[in-house]
2 protein chains.
Amino acid sequence: MEPPASPRRVTIVDVAQHARVSTTAVSKVLRNAYGASPEMRAKVRRAIDELGYRPYAAARGLRGQTYTIGVMLPDIRNPFFPEILDGITDRLQDTDYQVLLGPGCNGEKEEARVTEAMIDRGMDGLVLVAPVSPRSHLEHIASVVPTVVVGRHGHSPVYDTVTDDDVAGAALLVGHLAGLGHRRIAHIEHHETDPTRIAEMPNALRAEGYRQAMRGLGLAQEIDVVSTSYTQQGGYEGAKELLGRPSRPTAVFAGADIVAMGVLEAVAEAGLSVPGDMSVAGYDNTAFAALGPISLTSVDQAGHEIGDNAVRLLLERITERRKPSVQVKLSPTLVPRRTTAPPPGQSDNAESGRGVQPLD
Amino acid sequence: MEPPASPRRVTIVDVAQHARVSTTAVSKVLRNAYGASPEMRAKVRRAIDELGYRPYAAARGLRGQTYTIGVMLPDIRNPFFPEILDGITDRLQDTDYQVLLGPGCNGEKEEARVTEAMIDRGMDGLVLVAPVSPRSHLEHIASVVPTVVVGRHGHSPVYDTVTDDDVAGAALLVGHLAGLGHRRIAHIEHHETDPTRIAEMPNALRAEGYRQAMRGLGLAQEIDVVSTSYTQQGGYEGAKELLGRPSRPTAVFAGADIVAMGVLEAVAEAGLSVPGDMSVAGYDNTAFAALGPISLTSVDQAGHEIGDNAVRLLLERITERRKPSVQVKLSPTLVPRRTTAPPPGQSDNAESGRGVQPLD
DNA sequence: CTGAAAGCGCTAACAA
DNA sequence: TTGTTAGCGCTTTCAG
């Protein structure tokens, strides 16, 4: 039984009158601030409950905090990001903070619009996931509002970072494939030209990790990188190119699971089987990698922990605005599934997956 | 070259002084409000540009609007929702409005927390996608802030709705399967007990549409519904049950693509092939349904249009708070792919897909 | 420990 | 058409 139309919102003034105290007192109770006796707190709490009062965050922001954390995800379609988000929301569960997401931002322009919108709405802190903006812009943002940058390497004195070790992840995968007996291991990367991004973006580091690992295994001669994009289409095109090689690779390390999907499609079209004729691996261990009909070998990034750490750092920075910046680097793990196996003509061994039939 | 730390934000007062006008004048220009001469507008605009002023949405909200639209998505993992979101953001592209998303809300409690948070942050309007809260609660929300409910059937005088015709979608799919020659067509539904939800939630209407279509085709005897949940696990369990039937169905209509994934897994485990031994279809035409190795027959809901309509209605309601409520119902389309074909022992026909090999 | 009063940045009445 | 003046709901000095 709601009133026909809310005539007026319950305000701090109503609570103060009801509890027969000052608005200051109510404010203090709301913020658990120093300077209110237990009796006063109890009184105020009762009044709050009786009136069903909720503080108006929009107004709080004008003087203090809005208790809102803004999270910018570059692409809501990427099934890896929800994991990060869970890590974020779980840690914020029992706090007064609320998370709001900026919608899919592709490119610097959209990214700027969203971050500005968040700043203009008085958010107390920002988590930027894999932003593409130049570092100078990130530092500007961080100078205005506490900021944690996730999934982008490179330090900054003004913002904290949480990353997963992409070089190590690539090495895990290359090691896995080499352990199965593969030598001709190709990689499909997301094309990158901007020098800062080459140094800081995960995709570039995966490619670098691939190269390092290949060299470390004495397979420097076999290094074979195709530059497309982290999309299904990019994987399809990259695989087409690799399949056209005079001597085609026996394994493909796609820089992301979605890329691997395109590879699987191209391989099937070519009448080849996975992993019989060719092993395929992805990165991110997204939800569909685990789907029965796909069962893609991938690298897991512990998204939940990434999100958890990001919020932890953010809350710390909100509390202490100019503490030295922190970099957290987490370690990925390998998730072998059925798309990787020893190369054709090589006997099975302990590390191999179960064979699967041609997919088409 | 940013200043080391923003000393103070540029405010409307700064702009007014710079332009040598009153703050009211600036405010009017910002809102394109009546009562400012072209010269004044030009002067103010220049000052705004020169100072790089951006209005502080948090403060605007205290008196007027925040120019923020809140969108609540029940599950960010469901790949269907980004389509709706695109429809929303595209239409808002050239307006002053900004979209902010509430993160994954499972269950009424989380849903309430998110909607309250949005209201408390002064959002101008809400789009609730497939909310599970009781209708009374939705109406309460709508009485406080302009609201459009998406993906939930049932009218209300206080909020507008946008739905896709789930009954028709189910009929499309059943018709497709029957056209291929299937008679034993089973359905896996999301279990629902709450009476309101049985009447209003899409999952319940899909099951109802399935029943109606079966009856309409003279297949009432063959109606076979398994109640699990709209998850991969639910699909897996449902399929296990169906495969254990004395005479197992030749086709399974899963209530959602993710359910179909579980079905595919169970079918493969049983050593059966899709669609050779059994046809499988999903609903939502999510991104992974189109993935090469899956290629799932599904029903497309035109998510973009859903989002587009939702925002259109919302903006209209923000403008005119108490206009009569509107219900928009869109029509789904069938997307046949390779997981559906004529039942075993029946000759191929024009509508059949290409056969695929057993998946395991 | 408590409360009165000022003011955050903006918009909306109202007066000029 | 313009500017002046009150607030919006809350937090924050700063007296008591």
Side-chain angles (χ1 to χ4, degrees), chain A residues 6-44 47-48 51-68 96 116 119-124 144-145 318, chain B residues 6-44 47-48 51-68 96 116 119-124 144-145 318:
Chain A
S6 57
R8 198 176 58 78
R9 206 185 149 100
V10 178
T11 74
I12 202 175
V13 177
D14 302 317
V15 176
Q17 286 176 346
H18 192 84
R20 302 181 167 284
V21 298
S22 70
T23 58
T24 311
V26 179
S27 176
K28 277 178 179 165
V29 173
L30 287 177
R31 292 174 291 117
N32 286 311
Y34 173 83
S37 63
E39 305 85 63
M40 162 142 283
R41 285 182 195 286
K43 240 190 330 189
V44 171
I48 287 176
L51 297 179
Y53 167 77
R54 291 201 317 263
Y56 193 60
R60 298 179 89 167
L62 228 50
R63 290 304 296 242
Q65 303 182 228
T66 56
Y67 297 91
T68 312
D96 287 337
E116 284 180 358
I119 291 170
D120 296 346
R121 277 146 190 85
M123 300 208 170
D124 298 333
V144 176
V145 56
I318 288 174
Chain B
S6 56
R8 196 177 59 79
R9 205 184 150 101
V10 178
T11 75
I12 201 175
V13 177
D14 301 319
V15 175
Q17 288 175 348
H18 191 85
R20 301 179 167 286
V21 298
S22 70
T23 59
T24 310
V26 179
S27 177
K28 278 177 178 165
V29 174
L30 287 178
R31 293 173 290 118
N32 287 312
Y34 173 83
S37 63
E39 306 84 62
M40 163 138 283
R41 285 183 195 284
K43 239 191 326 190
V44 171
I48 287 176
L51 298 179
Y53 167 78
R54 290 201 317 264
Y56 194 59
R60 300 179 88 167
L62 228 50
R63 290 306 295 242
Q65 302 182 228
T66 56
Y67 297 92
T68 312
D96 287 338
E116 285 179 356
I119 292 170
D120 295 347
R121 277 147 190 85
M123 300 209 170
D124 299 333
V144 176
V145 56
I318 289 174

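Quick caveat, the model's predicted, so the values are computed rather than measured. Reminder, nothing fancy here: chain letters follow the sequence lines and each chain counts from 1.
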### Query
Hey, is B:Asp124 close enough to B:Arg60 for a salt bridge, meaning N to O under 4.0 Å?
no

### Nucleotide C:dA13, atom P - distance to OH of B:Tyr34 in whole Å
16 Å

### Query
Is B:Thr24 side chain donor-acceptor paired with the C:dA12 base, going by distance under 3.5 Å alone?
yes

### Query
Which pair of heavy atoms, one from B:Tyr67 and one from A:Arg121, lies closest together, and at what distance?
O-NH2, 2.9 Å

### Task
Under 4.0 Å between any heavy atoms, over every strand shown, what does B:Ala33 touch: base, sugar-phosphate, or nothing? Just pick one.
nothing

### Query
Does the distance from a Lys or Arg side-chain N to an Asp or Glu carboxylate O, for B:Arg8 and B:Asp14, drop under 4.0 Å?
yes

### Message
Counting distance alone, no hydrogens or angles: does the base of C:dA4 have a donor or acceptor under 3.5 Å from a partner atom on the side chain of A:Thr23?
### Response
no

#### Entry: Atom pair distance, as rounded to whole Å: CZ in A:Arg9 and C1' in D:dC8
12 Å

### Task
Give a yes/no on whether any side-chain N or O of B:Ser22 is located under 4.0 angstrom from OP1 or OP2 of D:dG3.
yes

### Between B:Ser37 and B:Arg41: side-chain donor-acceptor atoms closer than 3.5 Å
no

### Message
Distance check needed: C:dG9 P versus B:Asp14 CG, whole Å only.
### Response
9 Å

### Message
Any side-chain to backbone donor/acceptor pair from A:Arg54 onto A:Val10? Under 3.5 Å, distance only.
### Response
no

### Query
Looking at C:dT11, C:dG3, C:dT2, which one has an atom nearest to any side-chain atom of A:Val21?
C:dG3

### Message
Distance check needed: C:dA4 P versus A:Gln17 CD, whole Å only.
### Response
12 Å

### Query
Quick one: A:Ile12 CD1 to C:dA4 P, roughly how many Å, whole number?
13 Å

### Query
Between atom CG in B:Asp96 and atom C1' in C:dC10, what is the gap in whole Å?
15 Å

### Message
If I take atom NZ in residue A:Lys28 and atom P in nucleotide C:dC1, what distance separates them, rounded to the nearest angstrom?
### Response
8 Å

### Message
Side-chain N or O of A:Ser27 versus OP1/OP2 of D:dT11: is the shortest distance under 4.0 Å?
### Response
yes

### Rounded distance in Å - CD1 (B:Ile48) to P (C:dG9)
16 Å

### Message
Taking the basic N atoms (NZ, or NE/NH1/NH2) and the acidic carboxylate oxygens, is any pair closer than 4.0 Å for A:Asp96 and A:Arg31?
### Response
no

### Query
Can you check whether B:Ala57's main-chain N or O pairs, donor with acceptor, with B:Thr66's side chain at less than 3.5 Å?
no

### Task
Give a yes/no answer on whether the side chain of B:Arg31 brings an N or O atom under 4.0 Å of OP1 or OP2 in C:dA12.
yes

### Query
For DNA chain C, what residues of residues 51-65 of chain A have any heavy atom nearer than 4.0 Å?
A:Leu62, A:Arg63

